[in-house]
Engineer: 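After the structure tokens below, expect a handful of questions from me.
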Amino acid sequence: MICLGIEGTAHSIGVGIIQERKGTCQVLSNKIKTYQPEKGGIHPREAANHHAAKIAGLIHESVRVTTIDFSDIDLISFSQGPGLGPCLRTAATAARALALTIEKPLIGVNHCVAHLEIGRGTVRECTDPVLLYVSGANTQVIAFAEKKYRVFGETLDIGIGNCLDKFGRALGLEFPCGPKIEQLAAKGSQYLPLPYSIKGMDIAFSGLLTASENYVKKGKNLEDVCFSMQETTFAMLTEVTERAMAHTEKQEVLLGGGVASNKRLREMVQTMALNRGAKFFVPTRDLCIDNGAMIAWLGLLMYQSGCRMSIDNSLINQRFRTDMVEVTWRD
Amino acid sequence: MTKKILYRGAEAEILLSTYMGRTVVEKRRVQKAYRIKEIDRQLIASRTREEAKLMAESRRIGVSVPLIYDVDLFNGIITMEYLAGDRVKDILNILGKQKRKRICQKIGESIARLHNHDIIHGDITTSNMILFYDRLYFIDFGLGCKTIEIETKAVDLHVLMEAFESTHSQYSSCFNNVLDGYKKNYRGDPVRVLHTIDDIIRRGRYR
Ligand SMILES: Nc1ncnc2c1ncn2[C@@H]1O[C@H](COP(=O)(O)OP(=O)(O)O)[C@@H](O)[C@H]1O
Ligand SMILES: [Mg+2]
């Protein structure tokens with residue numbers, strides 16, 4: 001079975017085509033275009049306009065680079081939520097139009113669950129992980145428990161990516177700021193104390209963000225501030241992930257989201273896993289960031305396990321919670 | 001006596017040991033290789049100190065906690081009374097309906113008592129409660145603090161709500177029973193705390 005998935009929850013729009021073979025996911029193509037705001041953060045409507053302008057070309061390109069034809073596609077899926085309303089609507093509209101045109105079924109999927117399922121589908125030995133999902137807006141620890149994907153921990157204020165970007169913008173770095181901060185941090189060595197904020201399995205970043213900005217204002221070495229910021233935020237993330245693993249008694253950890261590219265974060269989570277005797281997994285970068293292939297894969301899993309969705313029921317849901325998903329494809 | 005490991009958690013090991021002829025539990029916070037020494041040392045010492053302080057204070061205000069025998073900040077060890085009971089997590093789902101309801105109310109009453117004295121437990125889950133001789137004990141105050149903030153009290157309860165959703169999801173009335181007990185005992189305005197929980201639920205999931 002072959003599925004084409006459209007992802008449009010935030011600042012990027014993606015189209016991916018995947019094929020199921022013996023329960024694993026083969027990515028045939030995975031194209032992503034990212035909206036770069038001129039200045040400041042994401043403006044949802046401008047991002048949606050960007051997506052609307054790119055989507056038709058992306059769909060054609062994603063088919064063209066494979067050996068398949070539109071008639072080979074069996075299913076269309078799209079990111080139903082959570083995310084920014086205008087962006088979600090653009091992706092959903094494109095998906096509906098495509099499904100009607102090629103006369104194939106349509107299915108909407110949960111974006112966060114897709115980040116986890118693409119790991120299970122494409123990474124060997126990854127079967128029942130705790131997912132540390134770290135992107136711009138989202139920071140969550142998700143795992144399967146009692147028949148559903150549940151959020152065990154999450155940020156109580158801003159996402160880790162937004163935290164890094166806000167800090168970077170204050171320094172005048174180019175968006176996205178994460179990679180630049182990573183480079184600076186690698187050269188830092190002196191740790192400057194920052195608030196370490198964990199409540200149960202939830203975390204908060206805003207106090208630490210303010211304190212970091214204050215260090216910069218006071219003229220502290222930039223590399224040291226970046227180093228301290230990464231060490232503190234990533235230690236918090238690794239700690240809540242470990243707590244969720246202990247709580248759910250799971251032996252695997254999976255990284256997902258754009259910040260999963262950060263080498264220091266990978267190293268920390270991997271060290272934690274190793275010391276617990278657990279396995280550590282990261283999908284390839286194009287499957288970590290927001291992408292159409294993961295949407296396609298989850299759509300296919302849902303469809304094959306009997307889920308059906310009519311066009312009338314394909315409305316987007318900006319606040320689509322992870323634990324609202326009826327998990328029919330695994331037990 | 002060789003120390004037997006009772007439990008290996010995310011941040012600490014619980015060892016069964018003896019102290020002046022008594023059977024005791026040693027809670028040892030372990031060093032984490034993933035974080036730098038500066039953060040590791042500071043966290044271990046401050047959490048050990050904070051935990052011992054909050055346990056002592058909870059006992060004073062009438063919330064049951066294990067008796068503390070010794071605190072070693074440098075090595076991150078608290079030596080305390082061994083409670084040979086059952087974790088609430090392990091027994092809640094198998095209890096009869098009435099007993100379950102009573103325990104949940106008792107949980108709420110105890111949390112209210114802590115909050116009346118501005119004690120935030122910081123990690124209220126059913127793994128951190130032990131039923132021993134029919135008495136409800138709280139353990140694991142390592143993420144706790146003291147504050148008058150309504151927000152923090154609401155977050156404290158929200159942690160428990162999430163624990164109930166994930167671990168005791170078939171008993172959706174449990175958390176309501178907790179809130180009933182809380183409302184009964186909380187001396188501030190419980191409705192404000194409950195409203196703040198609603199805010200957190202709304203905020204936490206997708207802005
Ligand atoms: N005083 C005690 N008596 C009996 N068992 C205990 C005691 N303290 C801890 N335990 C057991 O060890 C487990 C972990 O202890 P806890 O203090 O909660 O550490 P952690 O921070 O790792 O969760 C508890 O869930 C409980 O089963
Ligand atoms: Mg505990």
Side-chain angles (χ1 to χ4, degrees), chain A residues 81-83 112 137-138 140 143 145-148 150-159 190-194 196 198-202 204 227-228 231-232 234-236 238-248 267-276 317-324, chain B residues 7-13 30-43 46-47 89 93 120-128 140 142-145 147 151-171 199-207:
Chain A
C112 302
N138 295 303
Q140 297 192 328
E146 305 222 353
K147 300 194 176 71
K148 284 195 169 173
R150 297 176 193 276
V151 176
F152 283 87
E154 66 184 321
T155 176
L156 295 169
D157 45 37
I158 53 176
Q190 208 216 319
Y191 180 71
L192 307 163
L194 287 170
Y196 188 100
I198 292 192
K199 305 262 155 61
M201 289 193 230
D202 294 328
F227 167 73
S228 307
E231 288 303 320
T232 313
F234 295 171
M236 284 159 58
T238 308
E239 180 171 358
V240 289
T241 307
E242 182 166 24
R243 293 171 74 84
M245 291 176 78
H247 185 79
T248 57
E267 178 183 55
M268 285 167 81
V269 176
Q270 184 165 27
T271 304
M272 178 273 285
L274 223 68
N275 288 341
R276 298 185 58 77
N317 181 356
Q318 281 168 256
R319 292 165 184 275
F320 194 176
R321 285 169 41 160
T322 303
D323 59 6
M324 283 164 68
Chain B
Y7 177 90
R8 183 170 278 136
E11 69 159 341
E13 289 172 354
V30 291
Q31 292 175 16
K32 295 289 174 186
Y34 65 78
R35 60 194 177 202
I36 53 174
K37 281 276 167 297
E38 293 91 325
I39 294 180
D40 195 59
R41 267 195 224 111
Q42 201 274 332
L43 280 180
S46 69
R47 286 179 181 171
K89 180 187 180 181
N93 290 358
I120 306 302
H121 181 282
D123 191 16
I124 309 183
T125 66
T126 47
S127 319
N128 289 331
D140 202 1
L143 293 177
C145 64
T147 180
E151 167 86 18
T152 314
K153 292 178 182 177
V155 170
D156 216 19
L157 283 165
H158 181 250
V159 168
L160 180 63
M161 191 193 87
E162 288 191 323
F164 268 112
E165 278 174 5
S166 60
T167 318
H168 312 286
S169 60
Q170 64 268 54
Y171 304 113
D199 282 349
I200 291 165
I201 295 168
R202 233 172 293 125
R203 246 184 300 144
R205 319 284 177 194
Y206 305 109
R207 290 142 281 268

Engineer: B:E162 versus A:R150: any side-chain heavy-atom pair under 4.5 Å?
Structural biologist: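 No, too far: nothing below the 4.5 Å cut-off.
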Engineer: Where does A:E231 contact chain B at under 4.5 Å (heavy atoms): side chain, backbone, both or neither?
Structural biologist: both
Engineer: Taking every heavy-atom pair that is under 4.5 Å apart, which of A:P193, A:G153, A:G81, A:A235 has the most such pairs with chain B?
Structural biologist: A:A235
Engineer: Is it true that atom CD of A:E267 has more than 12 heavy atoms of other residues, nucleotides or ligands lying nearer than 6.0 Å?
Structural biologist: yes
Engineer: With rounding to the nearest 0.5 angstrom, report the CZ to CD1 distance, A:R321 to B:I201.
Structural biologist: 7.5 Å
Engineer: Counting only non-hydrogen atoms closer than 4.5 Å, does A:T232 touch chain B with its backbone (N, CA, C, O), its side chain (CB onward), both, or neither?
Structural biologist: both
Engineer: Does the pair B:K32/A:E239 count as a salt bridge with the N-to-O cut at 4.0 Å?
Structural biologist: no
Engineer: By a 4.5 Å heavy-atom criterion (distance strictly below it), what part of B:I124 contacts chain A: side chain, backbone, both, or neither?
Structural biologist: neither
Engineer: Please list, chain by chain and in numerical order, all residues satisfying side chain to side chain contact (heavy atoms under 4.5 Å, CB included) with B:Q42, sequence neighbours excluded.
Structural biologist: B:S46
Engineer: Determine, stepwise, if the pair B:V155 / A:D202 fulfils side-chain contact (heavy atoms from CB on, under 4.5 Å).
Structural biologist: CA-CA 9 Å; B:V155 170; A:D202 294 328; 5.5 Å; no
Engineer: About how many Å separate OG1 of B:T125 and CE of A:M201, when rounded to the nearest 0.5 Å?
Structural biologist: 7.0 Å
Engineer: How far apart are the closest heavy atoms of B:G9 and A:R276, and which atoms are they?
Structural biologist: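 B:G9 and A:R276 have their closest heavy atoms at O-NH1, 4.4 Å.
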